[in-house]
Colleague: 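My questions all concern the structure below.
Quick note: numbers below take in every heavy atom, side chains included, and nothing from hydrogens, waters or symmetry partners.
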Amino acid sequence: MRTFGKWLGRILLALVVAIVVVGLWKREQITRLLAVNSLFSEEKIVQNFSHMDAAFLSVPVPRGDGPTSELFYGPETNLPAAVDAWIKDRTVTALLVLKDGQIVYENYFHGTSADDRRIGWSMAKSYLSALVGILMAEGKIASLDDPVTKYAPMLAGGAYDGASLRNVLQMASGVVFDEDYLDFNSDINRMGRVLALGGKMDDFTAALKARFAEPGQQWQYVSIDTHVVGMVVRGATGRGISDLLSEKVIKPLGLETAPYYLTDGVGTAFVLGGLNMTTRDYARFGQMFAQGGVWQGKRIVPADWVAASTRPSAPTAPDQTGYGLQWWIPSGAEPGVFMARGIYGQYIYIDTTRNVVIATNAADRQFRDTGVSQQNEDIFRLIASNL
């Protein structure tokens, strides 16, 4: 018995040592995984959304050494009374309103500030769309109807084989992708663990095999489609997205603060939702689109791309919100109104007729409640119509 006890003690000691060694070796990955698992908790979500680089790998998007483009202040505006209740109900952390390119309202909530670089979630999709339009004009991408496998051959044989660039820009790939954020085993949450554990997003995407419809037949919001757009851009140029976006969009805009992208384990930018920047800088991007792709007298995005990407062209059902090329068109909106939208209450709302741009950030854990998106859009219309 003494011998057995001695060996048992040695085995247990070896197991403890092994656990400690593995824990130290994988400490960073384990820390990120724990952070991801509490990312949306009520007590941490506001802090997390302003410090996403603490939970994920990231890469800077250089702003260059040029001057900051001025955002001038116009007459201070009192917003309609309904806005105050909306700010509280939707856990809004930042609200900035531009009228004719000037700030007429700016405020920050829940202990956040103007300097916070905030996660935009799916607003990042509209930035990638702008980059596609620029590369199309430069001839780097030949046609929207090119198959995605032309630029991303590793997708051959998978669910995206046969889909065109237009299909994925319009969220009409037909690829099965469960985007239930509340289901631990959903595709979107499995993808989050790939990011947290330093996996490869390209491999994750190429491994998808199932389709619910043929490409181009049916619209369904599938965030992984945007990663495929990113694969096309990288394949067409041989360059990373952060480098391209910096050169083509960020530096020309003269942002206040350099943004950053969340990345996977090999430095691939999380283009479908990983862009982080200040609310003022989100507003600069929105104002550039409100001006047809021009900023301070310099064209950044081709005018025809601005028009084509922000009009409803996707095969949505009659009762669905309109969708263009990675831009949303609100239900019942007047011509010239479109928006970039993130799932937890992040918006760049653009009304070109009134020359109003509204940039919001939020940490809204009730985003799945019926009518929340409509309530947000109604508030934006109310603000714009009162300016």
Colleague: Looking at every heavy atom in both G286 and I350, which two are closest together, and how far apart are they?
Modeller: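 Where G286 meets I350 most closely, the heavy atoms are O-CD1, 3.6 Å.
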Colleague: Give a yes or no answer on whether the side chain of N386 reaches the backbone of L382 with a donor-acceptor pair at less than 3.5 Å.
Modeller: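 Pair found, side chain donor or acceptor close to backbone of L382.
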Colleague: When you measure from the side chain of K251 to the backbone of R63, do you find a donor-acceptor pair of N or O atoms at a distance under 3.5 Å?
Modeller: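 No.
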Colleague: Does one side chain, of N355 or Q287, offer a donor that lies under 3.5 Å from an acceptor on the other?
Modeller: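 Per modelled atom types, N355 and Q287 side chains form a pair under 3.5 Å.
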Colleague: Before you tell me yes or no, could you show the steps for W86 and F380 under ring pair (Phe, Tyr, Trp, His ring centres under 6.0 Å), namely the whole-Å CA-CA distance, both residues' side-chain angles and the distance that decides it to 0.1 Å?
Modeller: CA-CA 11 Å; W86 169 79; F380 300 148; 5.7 Å; yes
Colleague: Are V194 and Y160 in one and the same hydrophobic cluster, where Ile, Leu, Val, Met, Phe, Trp and Tyr link if side-chain heavy atoms are under 4.5 Å apart?
Modeller: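 Yes, because V194 and Y160 connect within a single hydrophobic cluster, where side-chain heavy atoms sit under 4.5 Å apart.
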Colleague: Which atom pair, heavy atoms only, marks the closest approach of S313 to G324?
Modeller: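 Nearest pair, atom of S313 first, then G324: OG-CA, 3.9 Å.
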Colleague: Do R284 and S69 pair up side chain to side chain, a donor and an acceptor below 3.5 Å, judged on atom types alone?
Modeller: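 R284 vs S69: donor-acceptor pair found between side chains.
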Colleague: So do F285 and W295 actually touch side chain to side chain, heavy atoms under 4.5 Å?
Modeller: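 No - every pair of side-chain heavy atoms lies 4.5 Å or more apart.
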Colleague: Are V372 and I383 in one and the same hydrophobic cluster, where Ile, Leu, Val, Met, Phe, Trp and Tyr link if side-chain heavy atoms are under 4.5 Å apart?
Modeller: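 No, because V372 and I383 fall into different hydrophobic clusters, even though each may have its own neighbours under 4.5 Å.
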Colleague: Under 4.0 Å between a side-chain nitrogen and a carboxylate oxygen: does that hold for R381 and E334?
Modeller: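 No, this pair does not count.
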Colleague: Mind telling me whether W121 and F40 have parallel, tilted or perpendicular rings, with 30° and 60° as the class edges?
Modeller: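 The rings of F40 and W121 sit tilted, inter-plane angle from 30° to 60°.
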Colleague: By the definition side chain to side chain donor-acceptor pair (under 3.5 Å), identify the one residue from N361, T93, T360, T112 that meets it with T279.
Modeller: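 The residue from N361, T93, T360, T112 that satisfies side chain to side chain donor-acceptor pair (under 3.5 Å) with T279 turns out to be N361.
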Colleague: Between D53 and S58, do the side chains contain an N or O donor and an N or O acceptor separated by less than 3.5 Å?
Modeller: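 No - no donor-acceptor pair under 3.5 Å links their side chains.
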Colleague: Between atom CD1 of I343 and atom CD1 of I119, what is the distance when rounded to the nearest 0.5 Å?
Modeller: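 Here the rounded value is 12.5 Å.
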Colleague: Take V132 and L169 through the test side chain to side chain contact (heavy atoms under 4.5 Å, CB included) and record every step on the way to the result.
Modeller: CA-CA 10 Å; V132 169; L169 282 166; 4.3 Å; yes
Colleague: So, E214 side chain and Q217 main chain: donor-acceptor pair closer than 3.5 Å or not?
Modeller: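 No, E214 side chain to Q217 backbone: no donor-acceptor pair under 3.5 Å.
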Colleague: Counting neighbours of NZ on K200 that are heavy atoms of other residues, nucleotides or ligands and sit closer than 6.0 Å, is the number greater than 12?
Modeller: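 Not more than 12 within 6.0 Å, no.
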Colleague: Test side chain to side chain contact (heavy atoms under 4.5 Å, CB included) on L244 and T237; report intermediate values, then the result.
Modeller: CA-CA 9 Å; L244 280 167; T237 62; 3.4 Å; yes
Colleague: Honestly curious: do V306 and L144 fall in one hydrophobic cluster under the side-chain, below-4.5 Å linking rule?
Modeller: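 Yes; L144 is reachable from V306 via cluster members.
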Colleague: Check whether the side chains of Q374 and S331 place a donor and an acceptor atom closer than 3.5 Å, and report yes or no.
Modeller: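 Checked: Q374/S331 side chains show no N/O donor-acceptor pair below 3.5 Å.
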Colleague: Answer with yes or no whether the side chains of S41 and K44 bring together a donor and an acceptor at under 3.5 Å.
Modeller: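 S41 and K44 do not have a side-chain donor-acceptor pair below 3.5 Å.
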Colleague: Does any part of the side chain of Y349, heavy atoms only, come nearer than 4.5 Å to the side chain of F338, both counted from C-beta?
Modeller: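 A side-chain contact under 4.5 Å is absent here.
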Colleague: Should V233 and L131 count as side-chain neighbours, where that means a heavy-atom distance under 4.5 Å?
Modeller: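 With C-beta onward as the side chain, the pair touches.
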Colleague: Run Y282 and Q346 through side chain to side chain contact (heavy atoms under 4.5 Å, CB included) and show every step you take.
Modeller: CA-CA 10 Å; Y282 285 123; Q346 298 76 32; over 6 Å; no
Colleague: Is the backbone of D146 close enough, under 3.5 Å, to the side chain of R166 for a donor and an acceptor to pair up by distance?
Modeller: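 Between the backbone of D146 and the side chain of R166 there is no qualifying donor-acceptor contact (under 3.5 Å).
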Colleague: Please test T91 against D364 for side chain to side chain donor-acceptor pair (under 3.5 Å), starting from the C-alpha separation and ending with a verdict.
Modeller: CA-CA 5 Å; T91 319; D364 185 6; 4.8 Å; no
Colleague: Whether the R341 and S122 side chains hold a donor-acceptor pair (N or O, under 3.5 Å, no angle test) is what I'd like checked.
Modeller: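 There is no such pair between these side chains.
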Colleague: Whether the S164 and N167 side chains hold a donor-acceptor pair (N or O, under 3.5 Å, no angle test) is what I'd like checked.
Modeller: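 S164 vs N167: donor-acceptor pair found between side chains.
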Colleague: Using 30° and 60° as the class boundaries, would you call the ring planes of W327 and F289 parallel, tilted or perpendicular?
Modeller: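 Rings of W327 and F289: tilted, 30 to 60°.
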Colleague: Indicate whether the side chain of Q326 and that of T226 have a donor and an acceptor atom separated by less than 3.5 Å.
Modeller: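 There is such a pair (donor and acceptor under 3.5 Å, judged by atom type) between the side chains of Q326 and T226.
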Colleague: Heavy atoms only: give me the nearest P252-E247 pair and the separation to one decimal.
Modeller: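 Taking every non-hydrogen atom into account, CD-O, 3.5 Å.
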Colleague: Using the side chain to side chain contact (heavy atoms under 4.5 Å, CB included) rule, take Y105 and K99 through it: C-alpha gap first, then chi angles, then the decisive distance, then the call.
Modeller: CA-CA 9 Å; Y105 181 90; K99 170 65 175 174; over 6 Å; no
Colleague: With a 4.5 Å cut-off on side-chain heavy atoms, are E377 and M339 touching?
Modeller: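 Yes, close enough: below the 4.5 Å cut-off.
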Colleague: Please give me the minimum heavy-atom distance between D187 and F204, naming the atom from each residue.
Modeller: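 Nearest heavy atoms, D187 then F204: O-CZ, 3.7 Å.
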Colleague: Under 3.5 Å, is there a donor on one side chain and an acceptor on the other for D116 and H51?
Modeller: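 Result is no, nothing qualifies.
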Colleague: Applying a strict under-4.5 Å side-chain criterion to I, L, V, M, F, W and Y, I'd like to know whether V168 and M154 cluster together.
Modeller: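 Linked, V168 and M154 end up in one cluster.
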Colleague: Measuring only between side-chain heavy atoms, which start at C-beta, is S309 closer than 4.5 Å to S129?
Modeller: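 With C-beta onward as the side chain, the pair touches.
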Colleague: With a 4.5 Å limit on heavy-atom distance, are the side chains of I241 and R234 in contact?
Modeller: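 I241 vs R234: side chains touch.
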Colleague: To check you understand the geometry: which heavy-atom pair defines the closest contact between M231 and A152, and what is its length?
Modeller: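 For M231 and A152, the tightest heavy-atom pair comes out as CB-CB, 4.0 Å.
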Colleague: Answer yes or no for R193 and F184: cation-pi contact, defined as NZ/CZ to six-membered ring centre under 6.0 Å and angle to ring axis within 45°.
Modeller: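 Here R193 passes the 6.0 Å and 45° test against F184.
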Colleague: Taking the side chain as C-beta and beyond, is there a heavy-atom pair between L387 and R354 under 4.5 Å?
Modeller: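 The answer is no; the side chains never approach within 4.5 Å.
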Colleague: Please walk me through it: do D281 and T278 pass side chain to side chain donor-acceptor pair (under 3.5 Å)?
Modeller: CA-CA 5 Å; D281 287 339; T278 68; 3.2 Å; yes
Colleague: Would you indicate whether E42, at its atom CD, is surrounded by more than 12 heavy atoms from other residues, nucleotides or ligands within a distance under 6.0 Å?
Modeller: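 Atom CD in E42 is not crowded, with 12 or fewer foreign heavy atoms closer than 6.0 Å.
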Colleague: CG of D145: more than 12 outside heavy atoms within 6.0 angstrom?
Modeller: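 Counting neighbours around CG of D145, more than 12 heavy atoms of other residues, nucleotides or ligands fall under 6.0 Å, so yes.
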Colleague: Taking atom types as modelled, find out whether N376 and S373 have a side-chain donor-acceptor pair closer than 3.5 angstrom.
Modeller: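 Judged by distance alone, the side chains do not pair up.
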Colleague: Just by modelled atom types, is the S223 backbone N or O under 3.5 Å from a matching donor or acceptor in the E179 side chain?
Modeller: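 Side chain of E179 to backbone of S223, a donor-acceptor pair under 3.5 Å: yes, one is there.
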Colleague: Starting from V176, can I reach V222 by hopping between I/L/V/M/F/W/Y residues whose side chains sit under 4.5 Å apart?
Modeller: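 Looking at the clustering, V176 is in a separate group from V222.
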Colleague: Pair Y261, F270 - check ring pair (Phe, Tyr, Trp, His ring centres under 6.0 Å), show working.
Modeller: CA-CA 6 Å; Y261 266 118; F270 184 47; 8.9 Å; no
Colleague: In terms of side-chain heavy atoms, does R280 have a donor or acceptor partner in T257 at a distance below 3.5 Å?
Modeller: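 No, because no side-chain N or O of R280 sits under 3.5 Å from a partner of the opposite role on T257.
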Colleague: Is there side-chain contact between Y260 and F56, with heavy atoms separated by less than 4.5 Å?
Modeller: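 Heavy-atom side-chain distance check fails, nothing below 4.5 Å.
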Colleague: Please give me the minimum heavy-atom distance between A206 and L155, naming the atom from each residue.
Modeller: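 Here A206 and L155 meet closest at CA-CD2, 4.0 Å.
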